[in-house]
Amino acid sequence: MLKSISAPRYAAQSGWNALLPQRVPHEQLPKQRRYYAIVIGAGYTGLGTARRVAELIPEKEILVIEASEIGEGSSARNSGFLGVYPNSPHANAYGSADDDAARKIRIVAAGLDWLRSLVKKHKIDCDWNEKTPRIIAAATSGGERGLRSYRRSLETWNTKCLEHSPEELRRFLGTDYYRYGIQQLNHALVQPAALIRGLADTLPSNVTMLECATVEAIGGTGPFRVQTHRGGFTADKVFIANNAHARTLGLLTDRMIGVYTYGALTPPLDTDELNRLGNLPAWGVLPASKMGTTMRKTLQRFLIRSSASYEKESDPEKVRSILTRLFQRRFPGMHSYELEYVWGGVTAITSNGEGYFGELRPGLYVSAGCQGAGVLRGSIQGKLLAEMACGSQSSLLTDRLMLTGPNWIPPEPFRGIGAIARMTWAGWRAGREY
Ligand SMILES: Cc1cc2nc3c(=O)[nH]c(=O)nc-3n(C[C@H](O)[C@H](O)[C@H](O)COP(=O)(O)OP(=O)(O)OC[C@H]3O[C@@H](n4cnc5c(N)ncnc54)[C@H](O)[C@@H]3O)c2cc1C
């Protein structure tokens with residue numbers, strides 16, 4: 001029996017979720033206890049899986065179990081960037097690093113197309129925007145070098161992008177902090193809590209949602225017994241879509257670490273303050289370094305995301321002061337640096353940047369390891385995992401099966417020492433990108 005050791009809990013509400021009207025979670029335990037499939041976790045991965053299984057086998061019943069509430073998991077705590085790019089492309093048994101990049105780009109591009117079509121079909125009001133620029137900006141010479149080399153790689157992968165000079169960046173963003181930027185054209189920016197809520201509210205009718213129920217154990221070998229702290233269920237197939245928390249069920253414990261990162265939103269800004277954030281009505285900026293700072297001008301507010309901690313959420317007041325300092329550093333001329341909402345969220349990181357995808361044991365499927373950028377990847381991999389489990393073939397599924405899995409990582413204390421040392425080194429190297 002796989003046993004859970006803790007349920008995900010956060011110190012503060014997601015700021016994006018707080019902006020939305022109150023929502024009543026589906027807390028009531030369903031009378032039905034037997035399902036064709038149970039999906040654990042109602043983030044992008046879990047909802048992608050549940051939707052696709054339900055579409056492929058409309059006569060079967062699917063149960064999604066979520067420990068928290070829709071809108072309070074990492075899927076609603078992120079910065080809302082949906083970018084089409086390959087994460088850590090490298091050569092493997094199926095070809096070169098460029099082949100790997102091409103596969104990864106096809107997969108995430110399909111994720112963007114799929115989410116766009118769902119948002120359109122179900123009229124999900126999530127501030128979906130493909131016109132607002134998504135700029136990767138460098139503040140240091142090292143960051144600029146890395147970004148210029150990345151731009152050349154994008155060209156090799158036939159991915160169009162624009163380049164931005166320091167003057168353009170100053171006009172767009174209202175700060176002279178950055179020295180070089182690139183802007184990819186295939187992307188979207190969203191209000192992530194509104195997107196995940198919209199996806200949950202529009203699942204096919206053969207999907208039942210159970211929130212505020214933590215899966216504590218999975219027993220059996222098909223049918224599986226799925227035990228929550230509020231009661232048990234059985235299913236022929238189980239899909240693990242709780243990302244870093246899969247480890248609390250004893251799965252992939254030697255493949256992933258949990259890294260917390262932090263976001264904040266200001267109150268609505270007046271016209272004068274908004275003008276200090278450049279001449280565009282909205283923008284998104286990603287850092288040139290993994291340990292750098294993300295920002296958005298959105299919904300008349302300013303968003304900042306930065307900082308990271310290993311396996312444990314940092315004290316919210318400490319996070320507030322770090323994010324305020326990073327805001328001030330980039331925009332020294334603002335009248336106020338008040339942050340209305342500050343929150344943390346966990347991401348699942350692997351040592352080689354690859355996620356786990358596949359049938360771990362007969363009837364037990366897993367997609368996990370988002371690398372801090374899982375809105376598109378989680379959604380499309382959830383969909384592909386469902387197709388794989390239902391015996392549906394596609395060239396995209398073949399692409400996914402040709403990616404490498406995550407490398408082995410050592411147990412504690414070596415893991416923690418190694419991870420903290422790597423994060424500290426990367427933070428130091430990031431310099432002003434942080
Ligand atoms: C501050 C921040 C900024 C980010 N910015 C971006 C971004 O701009 N773009 C991007 O693509 N990604 C971003 N990410 C990462 C993104 O949020 C994740 O990659 C994404 O949420 C992964 O989706 P998922 O469905 O795989 O996992 P999750 O969103 O983590 O969903 C898993 C769900 O499982 C539930 N769960 C856990 N354990 C159990 C259990 N035992 N029983 C039942 N349910 C359980 C959790 O409550 C959770 O809701 C960011 C993350 C953070 C924290």
Nearest-0.5 Å distance, SG of residue Cys161 to CD1 of residue Ile136: 8.0 Å

Glu66 (side chain) donor-acceptor with Ala42 (main chain) under 3.5 angstrom: yes

Val64/Met209 under side chain to side chain contact (heavy atoms under 4.5 Å, CB included): CA gap, chis, key distance, verdict: CA-CA 5 Å; Val64 179; Met209 177 68 66; 3.8 Å; yes

Non-hydrogen side-chain atoms of Ile107 and Leu403 separated by less than 4.5 Å: yes

Check: Thr45 side chain, Gly43 main-chain N or O, donor-acceptor pair, under 3.5 Å: no

Side chain proximity check, Thr293 to Arg329, heavy atoms < 4.5 angstrom: no

Under 3.5 Å: donor-acceptor pair, side chain of Asn186, backbone of Gly83: no

Qualifying residue, where the test is side-chain hydrogen bond (donor to acceptor under 3.5 Å, both in side chains) with Gln371 and the options are Asn352, Thr350, Thr347: Thr350

Other residues, nucleotides, ligands: >12 heavy atoms within 6.0 Å of Asp201 CG: yes

Arg422 atom CZ, neighbour heavy-atom count above 12 within 6.0 Å: no

Between CE on residue Met423 and OG on residue Ser307, distance to nearest 0.5 Å: 8.0 Å

Parallel, tilted or perpendicular: ring planes of Phe331 versus Phe302, cut at 30 and 60 degrees: perpendicular

Shortest non-hydrogen separation from Ala419 to Ile257 and the atoms involved: CB-CD1, 3.8 Å

is_close_aromatic(Tyr150, Tyr85), centroid dist under 6.0 Å: no

Ring geometry between Phe239 and Tyr365 (parallel below 30°, tilted from 30 to 60°, perpendicular above 60°): parallel

Residues Trp343, Leu265; criterion side chain to side chain contact (heavy atoms under 4.5 Å, CB included); working and verdict: CA-CA 9 Å; Trp343 67 91; Leu265 275 167; 3.9 Å; yes

Minimum side-chain heavy-atom gap Leu252-Pro406 below 4.5 Å: no

Ser117 (side chain) donor-acceptor with Trp114 (main chain) under 3.5 angstrom: yes

Side-chain donor or acceptor of Tyr36 paired with backbone N/O of Ala54 under 3.5 Å: no

Exercise: do Thr261 and Arg77 side chains pair donor with acceptor under 3.5 Å: no

Minimum side-chain heavy-atom gap Val375-Leu115 below 4.5 Å: yes

Sub-4.5 Å side-chain heavy-atom contact between Lys60 and Asp236: no

Residues Tyr10 and Ser74: side-chain donor-acceptor under 3.5 angstrom: yes

Test item: side-chain donor near acceptor, His90 and Glu354, under 3.5 Å: yes

Asn92 (side chain) donor-acceptor with Met402 (main chain) under 3.5 angstrom: yes

side-chain hydrogen bond (donor to acceptor under 3.5 Å, both in side chains) between Arg330 and Tyr178, worked out: CA-CA 9 Å; Arg330 283 160 173 82; Tyr178 296 101; 2.9 Å; yes

Nearest-0.5 Å distance that lies between atom CG in Leu303 and atom OH in Tyr341: 13.0 Å

Short N-O contact, Arg23 and Glu72, less than 4.0 angstrom: no

Arg230 side chain vs Cys212 backbone, donor-acceptor pair below 3.5 Å: yes

Ala264 to Val342 - nearest heavy-atom pair and separation: CB-CG2, 4.0 Å

Closest heavy-atom pair and its distance - Leu326, Tyr434: CD2-O, 3.6 Å

Considering all heavy atoms, the nearest Gly353-Asn87 contact: O-ND2, 3.0 Å

Trace of the side chain to side chain contact (heavy atoms under 4.5 Å, CB included) decision for Arg296 with Phe81: CA-CA 10 Å; Arg296 282 180 69 181; Phe81 286 78; 3.7 Å; yes

Spacing of Asp113 atom CG and Ile380 atom CD1 [to the nearest 0.5 Å]: 8.5 Å

Heavy-atom donor-acceptor pair, Lys160 side chain to Leu185 backbone, under 3.5 Å: no

CE-OG distance between Met291 and Ser306, expressed to the nearest 0.5 angstrom: 8.0 Å

Check: Glu273 and Met334 side chains under 4.5 Å, non-hydrogen atoms: yes

Exercise: identify the closest heavy-atom pair between Gly363 and Phe224: O-CE1, 3.4 Å

Residues Arg415, Glu311: salt bridge by 4.0 Å N-O rule: no

Any side-chain heavy-atom pair of Cys390 and Ile57 under 4.5 Å: yes

Within 6.0 angstrom of Gln393 CD, more than 12 heavy atoms from elsewhere: no

Arg52 to Glu387 - nearest heavy-atom pair and separation: NE-OE2, 2.6 Å

Main-chain N/O of Leu396 paired to Arg106 side chain as donor or acceptor, under 3.5 Å: no

Neighbour count above 12 (heavy atom, 6.0 Å) for Gln22 CD: no

Atom CD of Gln28 with >12 non-hydrogen neighbours under 6.0 angstrom: no

Spacing of Arg377 atom CZ and Ser367 atom OG [to the nearest 0.5 Å]: 10.5 Å

Note, Trp16 side chain near Leu195 side chain (heavy atom, < 4.5 Å): no

Whether Asn206 side chain and Pro58 backbone form a donor-acceptor pair below 3.5 Å: yes

